Amino acid sequence: MIDLFQYDFFVNAFIASILASIACGIIGSYVVVKRIVFISGGISHSAYGGIGLGYFLGINPLFGALIFSLSAAGIISFLRTRHNTNEDTIIGMLWAFGMSLGVLFISFTPGYAGDLMSYLFGNILTVPLQEIYIILAIDVIIILIVALFFNQFLAITFDEEYARTLGLKVDLLYFILFMLIALTVIVLIKLVGIILLIALLTIPAAIAKHYAVSLKQLMFYSVAASIIFTISGLFISYYLNLPTGSSIILLSILGYILSYLYITFKNKRYA
Amino acid sequence: MSFYVELNNVSVKYGDSLILEDINLRVAENEFLGIIGPNGGGKTTLLKVLSGLIKPKSGSVTIGGKKIETQKSLVGYVPQFTSFNNDFPINVLEVVKMGRLGKMGNENDDQILKCLETMQILNLRDEQIGNLSGGQKQRVLIARALVGGPKILLLDEPTASIDSKTGKSVYELLNKLNETTTIILVSHDIGAISRHVKKIGCLNKKLVYHDTKEITKEMLESTYQCPVDLIAHGIPHRVLEHHHQSI
Ligand SMILES: Nc1ncnc2c1ncn2[C@@H]1O[C@H](COP(=O)(O)OP(=O)(O)OP(=O)(O)O)[C@@H](O)[C@H]1O
Ligand SMILES: [Mg+2]
């Protein structure tokens, strides 16, 4: 096992998994407590349009994905301020719009879009050093902003209406939070891919919620759970020669089921 | 600085239906105004207008002559129903502390604890919010509004699910706070209202409001549009005034 760390690609994958888990655990906690899984799904899937655009223009697809997910986050936070009753439908459209556009761009692109699958389902073993720096930078941004606005984010996610009576800039805070979700999406694309990332964003936090008694605790537990799943997924996929993204997600789901059974069993015994 | 609350020609619509019609109201500093009215009469809507949650379709809402949007930090709001997620990982103390966000002044933690004690939830401070009973939650909502040290306190049926002992202490506390705080209270408990408030308004789309705490038969009839003696226990005139004097 120690031998594995002689390979640069494995060291990179190891570091990327840990760094991505930090963003994933922190932002996933907000997604789970505020129940904005669908919104996050819209933001992440629309990123596929950017991947396609990246291929088409011959630039780094992750850059295209960043533009698309940030735009989707912006549009969704604007929709929320309009109190549009069709918000769900429009997010669904945005979701499909991004995916369709991605497919279209790729069909326009001559040649074979080789590692397209890795954007859809992830391939952490191919993460270059440069992308590790990007993930690190996003982690720093997320940690700084969350530390700065921790109480404000707590207020808007716990009780939005009351936060408004306090005079907090609720819409602006949501805009920032959605932007952070968009950044987290970029971090997770290489790890598990666009299709699976919503699971990695939410499952560790959903497990942590079984045990946490405060938002801070929830974040720490989520980060820890995310690290456990991504790292063990990494080893399993390497030794058994399985796709990393699917391994990580299947492990997370297994973890959730076990935790759920444990909690249910424990509550029954002491009830 | 003055903190009188003023509504001029305020109308509120939900979709096509008019919920509040041409409300004019001036509440002086350290006033204690009770508002009664039938279900759906618009009481909650009026408090939401006063807390800046709802923008009226027309008319102006000001505190001390300044627009409500800029004066939110002066207002403490106790909602009728909790609007939060019950399985959020947060304890009572954290919820109450939230009431200080964005407020001026820096009360220390001692004052927060004192506030918890007054609401008799000090022993619950580490409890998860979702594990509380309805009445306990309502006490948390009141404590949360109080810790911000509001100049204007808006309460929407604050004692609806609170037991009578705590309910009594809530009203006693409100009367004490009223020395330095303007209070606007919505309640169906006309008895309690008449015992504690200084002035009363009846709201059913329109506001019927006199500068006394006396409720007249006409006020009630025009507001509730039902036989008054249902409310006044068969003694039609001035029953509440009478009630008051008997205490
Ligand atoms: N979000 C909303 N959308 C549409 N109509 C609403 C909304 N909120 C309230 N209404 C309507 O506005 C009217 C007034 O409601 P409001 O909640 O202010 O009444 P209330 O006097 O507080 O009643 P209660 O005594 O039951 O608390 C009702 O007819 C209600 O149907
Ligand atoms: Mg109401």
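Source: prediction; values computed, not measured. Quick note on labels: first sequence line is chain A, next is B, and so on, each numbered from 1.
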Does the side chain of A:Thr157 reach to within under 4.5 Å of the side chain of B:Phe88, using non-hydrogen atoms?
yes
Taking atom CD1 of B:Ile90 and atom NZ of A:Lys216, what is their separation to the nearest 0.5 Å?
11.5 Å
Taking OH in A:Tyr260 as the centre, count heavy atoms belonging to other residues, nucleotides or ligands within less than 6.0 Å. Is the count above 12?
no
Closest heavy-atom contact between A:Ser214 and B:Glu94?
CB-OE1, 3.9 Å
Does any N or O in the side chain of B:Asn85 come within less than 3.5 Å of the main-chain N or O of A:Val33, such that one atom is a donor and the other an acceptor?
yes
Distance-only, no hydrogens or angles: does the B:Lys72 side chain make a donor-acceptor pair with backbone N or O of A:Arg164 under 3.5 Å?
yes
Please assess A:Leu154 against B:Lys97 for the test side-chain contact (heavy atoms from CB on, under 4.5 Å), listing each intermediate value before the final yes or no.
CA-CA 11 Å; A:Leu154 179 67; B:Lys97 271 188 175 173; over 6 Å; no
Once the angle between the rings of A:Phe158 and B:Phe84 is folded into 0 to 90°, is it parallel (under 30°), tilted (30 to 60°) or perpendicular (over 60°)?
parallel
For the residue pair B:Pro89 and A:Leu218, what are the closest heavy atoms and their distance?
CG-CD2, 4.2 Å
For the CZ atom of B:Arg144 and the CG atom of A:Leu166, what is their distance to the nearest 0.5 Å?
7.5 Å
Using non-hydrogen atoms and a 4.5 Å limit, figure out which bit of B:Ile68 sits close to chain A: side chain, backbone, both or neither.
neither
Between A:Thr165 and B:Leu53, is a side-chain contact (heavy atoms from CB on, under 4.5 Å) present by the stated rule, with each step listed?
CA-CA 6 Å; A:Thr165 70; B:Leu53 280 174; 3.5 Å; yes
Can you confirm whether B:Asp87 sits close enough to A:Lys209 that some side-chain heavy atom of one is under 4.5 Å from a side-chain heavy atom of the other?
yes
Does A:Phe97 CZ have over 12 foreign heavy atoms under 6.0 Å away?
no
Please determine whether the number of non-hydrogen atoms from other residues, nucleotides or ligands lying under 6.0 Å from atom CZ of A:Phe150 exceeds 12.
yes
Flag if over 12 foreign heavy atoms under 6.0 Å of OH, B:Tyr4:
yes
